[in-house]
Amino acid sequence: MPRADIFDQLEHAVLPVLPGRAHELARLRALHEQEGLSTVTVIGKYNHGKSRLLNELLGEDRFAVADRRETTQLSVHVKDRVRWLDAPGLDADVDQADDRFARQAAWQQSDIRLFVHSAKEGELDGRERRLLHKLSADADATRRQTLLVVSQVDQAGDDAQLHQVLGAIGQQAPGMALHAASATRHRQGIEGGKQLLIERSGIPALRAALARALGQVPQARAHESAQMKSAMHQELVQRQAALRAQCTGLQQQQAQQRRQFDLDLDAVFDQARQDLAEVMSTPGPDLALQPDTAADRFRLTTGRLERARLQVAYSKVCIQLNAALTRHGAIELPTAQHTAARSLNSVMVAVLGVSVKYREDLQRMFYQDAGRDALQRDFARYYEISADRQALAARIDAVRDQLAAAQTAQQALQTLDQLEIRT
Ligand SMILES: Nc1nc2c(ncn2[C@@H]2O[C@H](COP(=O)(O)OP(=O)(O)OP(=O)(O)O)[C@@H](O)[C@H]2O)c(=O)[nH]1
Ligand SMILES: [Mg+2]
């Protein structure tokens, strides 16, 4: 598979799971895309001589130089297995897009940064200091080096003034070597064949420091890439563990709820047997079955009385059942099963029907195990499709999906192990 596709797949798999890792993914892609080449970029405020410094280091006028805000995009020139990347100057008050390009160059593309500050400007300002601090923290973490270049030193006044500026900057950037450079002197030295001027321009010394830093790029890249992969791997492992725990918790909750539902219903059915016992155990022929005649139309017959007695007892059981269903949120049928008659849309009606119950029915429903089991099963079926239960099941599915996504992300990350970065 082409490398670009591998990284497309990787981003597709990892970004939804670890949205905070966009930088690492972009950097890994850059590391692989730029294989065989090390990238050197400039970073600093505009007009501090960044582009011209690159031209002098290259020995070619590749990048546009001007006495105003000049570089607004990234531009690249490859020479001697180095990608020289010119970037816009950083400035808070101008077009944000320029700053975005500058950041992309510094953080995503570069192996080595030349932090350029003009001697003309004296000390570093607050923004430069913060940026330098971030860069040196990054060097500790990723081993990407930053060389601090004090540019345009020919413009800093006399030697004493330059010395003072360098001393002040040195104190602002403790532990960093300062590279004083003058592009102008270097160019004059080259054009006039003046070796001393060339030496005094600081460019040869900067080239040598850069060559040493470039020599360390392969190890730095291997370190950086391993570190990014391992950080993402760790995060994916932790994420999977958290999702598994979440899933287990929800499944336990689901099982516990169901157990409680079954127990509650069981208790109602047990109670029903007791409550119905009196009407069920009437000796002799079943009076409720005695038919009424036309002449009985307005009379309270034995049969009617007996049927009423049964219905009252049965209604009490229904009230208990309905209370149990209410406790568990299974009262109404799911919308998809609604009928036009609203009064029929309850779980009670769906399971028990609306017909009058005789002793034979009550016997079958509450005293015969098969009948009771069937009722329990029917109620449980409606319980499982009730809104809260469905929502819980949906949450479990969602967590499972996230877990699957995290596993896919980890597999995608592992495919990188077969890819070496050639430097
Ligand atoms: N005297 C002197 N002038 C320099 C030196 N380096 C650059 N300049 C001048 O400073 C101005 C800005 O230089 P650039 O290299 O375009 O500066 P930049 O930092 O790339 O500027 P942006 O691209 O706008 O961010 C130009 O006029 C350069 O000729 C130097 O060492 N000495
Ligand atoms: Mg420039």
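Reckoned from all heavy atoms, side chains included, excluding hydrogens, waters and symmetry mates.
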Just by distance, do the side chain of Asp80 and the backbone of Val82 share a donor-acceptor pair under 3.5 Å?
no
Steps toward side-chain contact (heavy atoms from CB on, under 4.5 Å) verdict (Leu148, His179):
CA-CA 6 Å; Leu148 175 50; His179 300 276; 5.5 Å; no
Could you walk me through whether Arg377 and Asp262 satisfy the salt bridge (charged side-chain N to carboxylate O under 4.0 Å, His left out) test, starting with their C-alpha distance in whole Å, then the side-chain angles of each, then the deciding distance to 0.1 Å, before giving a yes or no?
CA-CA 9 Å; Arg377 250 197 328 274; Asp262 288 340; over 6 Å; no
If you count heavy atoms of other groups shown closer than 6.0 angstrom to CD of Gln164, is the number above 12?
no
Counting only heavy atoms not in His12, do more than 12 fall under 6.0 Å of its NE2?
no
Counting C-beta onward and ignoring hydrogens, is there a side-chain heavy-atom pair between Leu287 and Leu305 closer than 4.5 Å?
no
Can you tell me how far CG of Leu236 sits from CD of Gln410, rounded to the nearest 0.5 angstrom?
5.5 Å
What I want to find out is whether Asp270 reaches Arg372 closely enough, with some N-O distance under 4.0 Å, to be called a salt bridge.
yes
Sub-4.5 Å side-chain heavy-atom contact between Arg144 and Arg221:
no
Taking all heavy atoms of Leu413 and all of His233, pick out the closest pair and write down the distance.
CD2-N, 3.6 Å
Interatomic spacing from CG in Leu131 to CG in Asp138 - rounded to 0.5 Å:
10.5 Å
Can you give each donor-acceptor pair under 3.5 Å made by side-chain atoms of residues 384-393, sequence neighbours left out, with the distance rounded to 0.1 Å?
unit_1 : atom_1 : unit_2 : atom_2 : d
Glu384 : OE1    : Arg389 : NE     : 3.0
Glu384 : OE1    : Arg389 : NH2    : 3.2
Glu384 : OE2    : Arg258 : NH1    : 2.9
Glu384 : OE2    : Arg389 : NH2    : 3.0
Ser386 : OG     : Tyr383 : O      : 2.7
Arg389 : NH1    : Gln254 : O      : 2.9
Arg389 : NH1    : Gln257 : OE1    : 2.9
Arg389 : NH2    : Gln254 : O      : 3.4
Gln390 : NE2    : Glu384 : O      : 3.0

Please determine whether the number of non-hydrogen atoms from other residues, nucleotides or ligands lying under 6.0 Å from atom CD of Gln414 exceeds 12.
yes
Please lay out, stage by stage, how Arg62 and Asp86 fare under the test salt bridge (charged side-chain N to carboxylate O under 4.0 Å, His left out).
CA-CA 10 Å; Arg62 286 288 169 181; Asp86 193 17; over 6 Å; no
Point-to-point distance, once rounded to the nearest 0.5 Å, from SG of Cys318 to CG of Leu325
10.0 Å
Please say whether more than 12 non-hydrogen atoms of neighbouring residues, nucleotides or ligands are located less than 6.0 Å from CZ in Arg395.
no
Polar side-chain atom of Arg364 near backbone of Ala370 as donor-acceptor pair, under 3.5 Å:
no
Fit a plane to each ring of His328 and Phe261, take the angle between them on a 0 to 90° scale, and name the class: parallel (under 30°), tilted (30 to 60°) or perpendicular (over 60°).
perpendicular
Supply the atom-to-atom distance Gln145 CD to Leu214 CG, rounded to the nearest 0.5 angstrom.
9.0 Å
Rounded to the nearest 0.5 Å, the CD1 atom of Ile43 sits from the NE2 atom of His117 at a distance of 14.0 Å
Lys45 and Asp125: CA distance, side-chain angles, deciding distance, salt bridge (charged side-chain N to carboxylate O under 4.0 Å, His left out) verdict
CA-CA 10 Å; Lys45 293 168 73 174; Asp125 68 17; 2.6 Å; yes
If you draw a 6.0 Å radius around NE2 in His133, do more than 12 non-hydrogen atoms from other residues or ligands fall strictly inside?
no
Walk me through it: do Tyr46 and Arg68 pass the test side-chain contact (heavy atoms from CB on, under 4.5 Å)?
CA-CA 8 Å; Tyr46 85 99; Arg68 56 187 152 77; over 6 Å; no
Side-chain (His223) to main-chain (Ala141) donor-acceptor, under 3.5 angstrom:
yes
Using only atom types and a distance under 3.5 Å, with no angle test, would you say the side chain of Lys79 pairs donor to acceptor with the backbone of His77?
no
For residues Met232 and Glu235, determine if any side-chain heavy atom of one lies less than 4.5 Å from a side-chain heavy atom of the other.
no
Backbone of Ala13 reached by a side-chain donor or acceptor of Thr408 within 3.5 Å
no
Any side-chain to backbone donor/acceptor pair from Glu24 onto Lys229? Under 3.5 Å, distance only.
no
Would Lys357 and Gln363 count as a side-chain contact (heavy atoms from CB on, under 4.5 Å) here? Give the steps.
CA-CA 10 Å; Lys357 300 294 184 283; Gln363 179 71 29; over 6 Å; no
Counting C-beta onward and ignoring hydrogens, is there a side-chain heavy-atom pair between Glu224 and Arg143 closer than 4.5 Å?
no
Around Lys316, counting heavy atoms of other residues, nucleotides and ligands shown, do more than 12 lie under 6.0 Å from its NZ?
no
Test salt bridge (charged side-chain N to carboxylate O under 4.0 Å, His left out) on Arg327 and Asp264 and set out the steps.
CA-CA 9 Å; Arg327 279 198 295 282; Asp264 264 18; 3.2 Å; yes
Which atom names give the shortest non-hydrogen contact between Phe63 and Ser51, and what distance separates them?
CB-CB, 4.1 Å
Which atom names give the shortest non-hydrogen contact between Leu10 and Leu25, and what distance separates them?
CD2-CD2, 3.7 Å
Compare all side-chain heavy atoms of Leu333 with those of Leu344 and state whether any distance is below 4.5 angstrom.
no
What one should report as the nearest heavy-atom pair of Leu276 and Phe366 is CD1-CD1, 3.6 Å
Is there side-chain contact between Leu362 and Val317, with at least one heavy-atom pair below 4.5 Å?
no
Arg307 side chain to Thr302 backbone, donor-acceptor under 3.5 Å
no
Hey, does the side chain of Arg113 reach the backbone of Thr41 with a donor-acceptor pair shorter than 3.5 angstrom?
no
Using salt bridge (Lys or Arg N to Asp or Glu O under 4.0 Å) as the criterion, list what pairs up with Arg83, not counting sequence neighbours.
none
Residue among Leu57, Val42, Val116, Val65 satisfying side-chain contact (heavy atoms from CB on, under 4.5 Å) with Arg52:
Val65
Going by heavy atoms in the side chains, are Arg21 and Met228 under 4.5 Å from each other?
no
Looking at Glu11 and Arg29, is there a salt bridge between them, counting it only when a charged N and a carboxylate O are closer than 4.0 Å?
yes
Give a yes or no answer on whether the side chain of Asp111 reaches the backbone of Thr39 with a donor-acceptor pair at less than 3.5 Å.
yes
So which heavy atom on Pro204 is nearest to which on His186, and how close?
CD-CD2, 4.4 Å
OG on Ser110 to CD on Gln34, rounded to 0.5 Å
9.0 Å
Does any non-hydrogen side-chain atom of Trp84 lie less than 4.5 Å from one of Val76?
no
Of the non-hydrogen atoms in Leu403 and Arg244, which two are nearest, and what is the gap between them?
CD2-CG, 3.8 Å
So Arg400 and Leu243, side-chain contact (heavy atoms from CB on, under 4.5 Å) or not? Walk me through it.
CA-CA 8 Å; Arg400 284 213 186 99; Leu243 286 167; over 6 Å; no
Should Arg273 and Asp369 count as an ion pair when the cut-off is N to O under 4.0 Å?
yes
